[in-house]
> 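Take this structure, written in structure tokens, and hold onto it; I'll ask about it next.
Indexing begins at 1, ligand by ligand and atom by atom, following the structure's order. Just so you know, residue 1 is the first one in the sequence shown, and it goes up from there.
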Amino acid sequence: MESHAYDLILRGGTVIDGTGAARYAADVGIRGERIAAVGDLAGERAASTVDVAGKIVAPGFIDTHTHDDCACLTAPDMIPKISQGVTTVVVGNCGLSVAPIRFPQSVPEPFNLLGQPKDFVFDRFADYADAVDAAQPRVNVAALVGHSTLRAACVRDLSRKANAVELTTMRAYVAEAMAAGAHGLSSGVFYPPAAAADIEELVAVAREVSAAGGVYATHIRDEYDGVIEALREAFATAAQAALPLVVSHHKCAGVHNWGRSVQTLALLEETARRQPVGLDCYPYTAGSSVLEPDLADGEIDILINSSKPHPECAGRYLREISESWGVSQREAAERLVPGSACYFQIHEDDMRRILQHPLSMVGSDGLPNDPNPHPRLWGTFPRVLGKYAREQGLFTLETAVHKMTGLSAARFGLTGRGRVAVDHAADLTIFDADTILDRATFEQPRQTAAGIEHVYVNGRLAWRGGEPAGTRSGRFLRRGLA
Ligand code: ZN
Ligand code: CU
């Protein structure tokens with residue numbers, strides 16, 4: 001038997017390394033799960049060689065904002081993500097994690113964004129981590145523990161803040177999650193289960209995360225008129241607990257807040273000078289979540305994704321439904337709940353300004369459990385690369401890749417990932433810069449992207465030529481371990 005210096009060499013490609021640096025021509029040699037060499041490997045031999053001439057070799061994309069907590073167990077092929085070149089998903093966002101809680105009867109909103117009662121079976125975060133490893137998803141999973149989940153598990157009455165005893169229990173759960181390898185804490189004080197939590201409660205819980213070296217990601221209390229005050233609350237929480245902050249899916253929602261991203265980004269920049277702050281965003285002007293009649297203001301378009309009492313209304317606009325019923329949009333929404341919807345609440349200029357900002361990372365916020373999901377679930381990453389970098393020139397391709405790899409790994413503490421560099425994990429996405437583009441639409445959301453050629457996860461082929469290939473080689477990423 002012949003021995004080779006490398007298991008695999010990707011020959012003749014153009015490397016965009018994830019740091020934001022300019023592209024360069026190089027071969028990439030892989031040994032086991034790691035990148036072993038980047039450079040001219042013309043004289044080197046490998047067990048297998050793939051010709052990637054004319055293609056970009058980039059670090060696998062990191063989806064910083066997902067609700068794939070259950071999807072990575074129940075649909076471990078993770079087609080919506082691997083098909084975009086995503087090799088790691090951050091789960092547990094917006095205060096919602098599947099562990100540690102059980103909902104044996106029915107899953108209340110907004111936890112139902114994640115899954116069904118059969119999915120909520122983890123008493124300890126470590127059990128969830130083990131389940132991810134056992135399921136062997138096609139992408140890696142980095143997890144946050146959700147503050148709303150902790151409240152639902154520990155706080156007797158969700159209409160008030162946690163009392164001292166409950167807080168102690170919540171902190172014990174956080175410590176267990178961090179010991180099991182969680183990357184941090186998320187909160188969603190916008191949503192009813194956590195709305196009664198004040199900054200004191202958030203800081204107390206976040207301190208436990210800070211002690212273990214994790215991050216704090218938050219769906220802030222108000223993304224509408226009160227966006228500035230809500231950002232200030234997030235800054236203060238992170239500062240008092242002494243940990244890095246990620247503002248989730250940053251937006252200025254609602255017609256009369258359009259244009260205010262000039263203000264919010266200036267505030268974020270100013271704050272970033274004294275404490276670590278980042279943000280994630282998706283490249284669409286519509287948000288998506290549970291159907292919330294309060295948001296039916298008659299000004300923004302609302303697309304109904306699903307409705308339990310009126311399943312026939314899925315795929316129709318609330319405006320049209322309300323007209324045919326002869327009621328206000330709010331009244332129509334009240335008749336349609338529980339359900340899910342897309343809210344066209346963001347101005348394109350704000351979205352572009354936020355996406356372009358140096359503090360921003362890309363995160364899909366895709367909802368895999370939605371029967372009729374927002375297209376961001378399948379399209380986010382190729383859309384940033386194809387529509388916003390190539391077609392519109394909003395930023396260079398190098399910057400776009402940085403926002404979905406190196407920057408994201410640094411912010412979330414994903415050690416040894418997010419770069420094409422020696423000794424880094426061989427999570428790699430090979431794409432065609434001329435053709436990469438999203439194909440998912442609001443009408444037809446379940447569509448793979450164009451231009452993703454090969455994807456490798458932990459050194460193993462995971463996607464090729466528009467289809468899953470090789471083995472599922474993702475795993476639960478434990479904080480601090482490469
Ligand atoms: Zn959210
Ligand atoms: Cu989210």
> Taking just the N, O or S atoms of D365, which one is nearest to the Cu ion (ligand 2)?
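Among the N, O or S atoms of D365, the one closest to the Cu ion (ligand 2) is OD1.
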> Atom CG of D427 and atom CG of L477: how far apart are they, to the nearest 0.5 Å?
8.0 Å
> Is the terminal nitrogen or CZ of R376 (NZ for Lys, CZ for Arg) located under 6.0 angstrom from the six-membered ring centre of Y284 and within 45° of that ring's axis?
no
> Quick one: sort the Y317 and F344 rings into parallel, tilted or perpendicular, breaks at 30° and 60°.
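Rings of Y317 and F344: tilted, 30 to 60°.
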> Hey, does L355 have a side-chain heavy atom less than 4.5 Å from the side chain of S360?
no
> Filter on side chain to side chain donor-acceptor pair (under 3.5 Å), then keep only pairs touching residues 107-116, sequence neighbours left out; what's left?
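For residues 107-116, and leaving out neighbouring residues, the side chain to side chain donor-acceptor pair (under 3.5 Å) pairs sorted by first residue read Q116-N369.
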> Quick check: does H219 have an N/O/S atom under 2.8 Å of the Cu ion (ligand 2)?
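It does not; every qualifying atom lies at 2.8 Å or beyond.
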> Going by chain and residue number, what protein N/O/S atoms come nearer than 2.8 Å to the Zn ion (ligand 1)?
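Listed by chain and number, the atoms are C94 SG, H219 ND1, H249 NE2.
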> Report yes or no: does S306 contribute a side-chain atom to a donor-acceptor pair with the main-chain N or O of S340 at less than 3.5 Å?
yes
> Any N/O/S atom, side chain or main chain, of H67 closer to the Cu ion (ligand 2) than 2.8 Å?
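H67 does place an N, O or S atom closer than 2.8 Å to the Cu ion (ligand 2).
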> Kindly determine whether T74 and D119 satisfy side chain to side chain contact (heavy atoms under 4.5 Å, CB included), including the steps that lead there.
CA-CA 8 Å; T74 57; D119 301 316; 3.5 Å; yes
